[in-house]
S.K.: 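To start, I am sharing the structure in question, which I have written as structure tokens.
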Amino acid sequence: MNNDLLQIKIKQRLNKLAAFDYDNIECWQILEAFNKVQLQWAAREAEMGESSKQSIERMQGLLKQIPLAGSNQKLLYQSIEIPDDYLSFKRISFYGSKEGCKHPRKFKTYLVEEANIDELLRDPLRRPDFDWGEALATMMGNKIKIHTSAQFIVNDPVLVYYRKPALLRIIGCVDPSTGLLAETEQACEFKEDVVEFLVSETAAQLAADLESINQVQINASSAQRSE
């Protein structure tokens, strides 16, 4: 769906939701509301994970794989800051090696809470283990720590995550994220069925916001008349 049609559909839905005339709504307001709605939707879908074929089809475009740059320390591997477009964790893959072992081992990594890491590292059934090829990871300060308990060295880690959806942009319209006029066009990257849902949610969001503004103005006028 191109951006012109998207704006038309949002305005049509707005005029059906209330008696007010929303034809004069500005494009930056539509952009701000739509980008907020699609980020919330993507976050909910990412939390549900690949729970169905439909979810896989909808979210596969947001999956991203990058090398997890960082360094090995005594008890863990410390990454650099994760990318700005990071939305939700999917998995970490890496090969572990240690002295005396000729062949690196492929590891399965479990993301756990930072608050529980000390307890988990003491648990013989949960702590990192080279023979089983299992490790624990935590996140703090926009960085990822792969805990090794000094059993092995992390080699070539790869982070797979859901990225944030691309922000909707319209040429000549103020981009709410920068405050500047957009010089490039960016349409919604989701399929038509998802876009239709997002359009309806955006219209509802705008109607609620504008209704709140109208109510504030009405209350203010009433307060002035009562003085």
S.K.: Check A166 against E189 and note the closest heavy-atom contact, atom names and distance.
M.R.: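 Closest heavy-atom pair between A166 and E189: N-OE2, 2.6 Å.
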S.K.: Is the shortest distance from a Lys or Arg side-chain nitrogen in E196 or R13 to a carboxylate oxygen in the other one below 4.0 Å?
M.R.: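 Between R13 and E196 there is a salt bridge, with a charged N closer than 4.0 Å to a carboxylate O.
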S.K.: With no hydrogens and no angle check, is any side-chain donor or acceptor of T148 less than 3.5 Å from a backbone partner on L75?
M.R.: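 Side chain of T148 to backbone of L75, a donor-acceptor pair under 3.5 Å: yes, one is there.
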S.K.: Calculate, to the nearest 0.5 Å, the distance between atoms CG and CD1 belonging to L68 and I92 respectively.
M.R.: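 Result: 5.5 Å between the selected atoms.
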S.K.: Using only atom types and a distance under 3.5 Å, with no angle test, would you say the side chain of R163 pairs donor to acceptor with the backbone of G61?
M.R.: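 Yes, the answer is positive, given that a donor and an acceptor are paired below the 3.5 Å cut-off.
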S.K.: Restricting to non-hydrogen atoms, name the atom on W28 and the atom on V174 that form the minimum distance, rounded to 0.1 Å.
M.R.: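 In this case the closest contact between W28 and V174 is CB-O, 3.6 Å.
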S.K.: Could you measure the distance from the CZ atom of R169 to the CG atom of N3? Nearest 0.5 Å is fine.
M.R.: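 So the CZ of R169 and the CG of N3 are separated by 11.5 Å.
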S.K.: Taking all non-hydrogen atoms of both residues, which atom of Q38 and which atom of C188 are closest, and how far apart?
M.R.: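 Reported closest heavy-atom pair: OE1-SG, 4.0 Å.
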S.K.: Looking only at atom types and distance, does a side-chain atom of R105 sit under 3.5 Å from a main-chain N or O of F130, one as donor and one as acceptor?
M.R.: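 The answer is yes, because a donor-acceptor pair under 3.5 Å joins these two groups.
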S.K.: Let me know which of I170, L14, L206 forms a side chain to side chain contact (heavy atoms under 4.5 Å, CB included) with I30.
M.R.: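 That would be L206; it is the only one of I170, L14, L206 passing the side chain to side chain contact (heavy atoms under 4.5 Å, CB included) with I30.
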S.K.: Report yes or no: does E185 contribute a side-chain atom to a donor-acceptor pair with the main-chain N or O of I171 at less than 3.5 Å?
M.R.: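 At least one qualifying donor-acceptor pair exists.
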S.K.: Answer yes or no: are there more than 12 heavy-atom neighbours, outside D123 itself, under 6.0 Å from its atom CG?
M.R.: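 For D123, atom CG is crowded (more than 12 foreign heavy atoms under 6.0 Å).
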S.K.: For Y161 versus L87, what's the shortest heavy-atom pair and its separation?
M.R.: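 Y161 and L87 have their closest heavy atoms at CD1-N, 4.3 Å.
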S.K.: Hey, are the side chains of V195 and K9 touching, using non-hydrogen atoms and a 4.5 Å cut-off?
M.R.: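 No; the side chains remain at least 4.5 Å from each other.
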S.K.: Taking the side chain from N2 and the backbone from A187, do they hold a donor-acceptor pair closer than 3.5 Å?
M.R.: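 No: the side chain of N2 does not pair with the backbone of A187.
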S.K.: Find the distance between NZ (K191) and CD (E57) and round it off to the nearest 0.5 Å.
M.R.: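 Those atoms lie 4.5 Å apart.
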S.K.: Do M1 and L168 sit in the same hydrophobic cluster, where Ile, Leu, Val, Met, Phe, Trp and Tyr count as joined when their side-chain heavy atoms come under 4.5 Å apart?
M.R.: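 Cluster IDs for M1 and L168 match.
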S.K.: Which atom names give the shortest non-hydrogen contact between L63 and Y162, and what distance separates them?
M.R.: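 Closest heavy-atom pair between L63 and Y162: CD2-CE2, 3.5 Å.
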S.K.: Which pair of non-hydrogen atoms, one from M59 and one from A46, has the smallest distance, and what is that distance?
M.R.: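 Distance-wise, the nearest heavy atoms are CE-N, 3.8 Å.
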S.K.: Check for me, please, whether L167 and F190 land in the same ILVMFWY cluster - side-chain distances under 4.5 Å, paths through other members count.
M.R.: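 No; F190 is not reachable from L167 via cluster members.
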S.K.: Would a hydrophobic clustering, with Ile, Leu, Val, Met, Phe, Trp and Tyr connected at side-chain separations under 4.5 Å, put I153 with L76?
M.R.: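 I153 and L76: separate clusters.
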S.K.: Could you grab the distance from atom CD of E119 to atom CZ of R127, nearest 0.5 Å is fine?
M.R.: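 Taking CD in E119 and CZ in R127, the distance rounds to 13.5 Å.
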S.K.: With rounding to the nearest 0.5 angstrom, report the CG to SG distance, L180 to C173.
M.R.: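 With rounding to 0.5 Å, CG (L180) is 12.0 Å from SG (C173).
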S.K.: Hey, are the side chains of K145 and E114 touching, using non-hydrogen atoms and a 4.5 Å cut-off?
M.R.: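 Result yes, sub-4.5 Å side-chain heavy-atom pair found.
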S.K.: Atom CD of residue position Q78 - does it have more than 12 heavy atoms of other residues, nucleotides or ligands inside 6.0 Å?
M.R.: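 Enclosed.
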S.K.: Do Y77 side-chain atoms and G70 backbone N/O form a donor-acceptor pair below 3.5 Å?
M.R.: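 Side chain of Y77 to backbone of G70: a pair is present.
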S.K.: Report yes or no: do Y110 and I117 belong to one cluster of Ile/Leu/Val/Met/Phe/Trp/Tyr joined by side chain heavy-atom distances under 4.5 Å?
M.R.: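 Yes, one cluster joins them.
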S.K.: Do D85 and K64 come close enough that some side-chain heavy atom pair is under 4.5 Å?
M.R.: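 In contact.
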S.K.: Under a 4.5 Å cut-off applied to non-hydrogen side-chain atoms, are P128 and L121 in contact?
M.R.: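 Yes, their side chains come closer than 4.5 Å.
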S.K.: Let me check something: do I82 and L111 share a hydrophobic cluster, defined by ILVMFWY side-chain heavy atoms less than 4.5 Å apart, either directly or through other members?
M.R.: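 I82 and L111: one cluster.
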S.K.: Determine whether S93 and Q65 make a side-chain contact, defined as any pair of heavy atoms from C-beta on separated by less than 4.5 Å.
M.R.: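 Counting from C-beta outward, S93 and Q65 never come under 4.5 Å.
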S.K.: Which value, rounded to the nearest 0.5 Å, describes the distance between M139 atom CE and F89 atom CZ?
M.R.: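 Output value for this atom pair is 8.0 Å.
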S.K.: Sub-3.5 Å donor-acceptor pair from the side chain of N72 to the main-chain atoms of V154, do we have one?
M.R.: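 Checked: pair present.
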S.K.: Of Y95, F152, W132, which is the lone residue that meets ring-ring contact (aromatic ring centres under 6.0 Å, His included) with F107?
M.R.: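 When Y95, F152, W132 are each tested with F107, the ring-ring contact (aromatic ring centres under 6.0 Å, His included) holds only for F152.
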S.K.: Cut-off 3.5 Å, side chains only: do N116 and E113 have a donor facing an acceptor?
M.R.: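 Per modelled atom types, N116 and E113 side chains form a pair under 3.5 Å.
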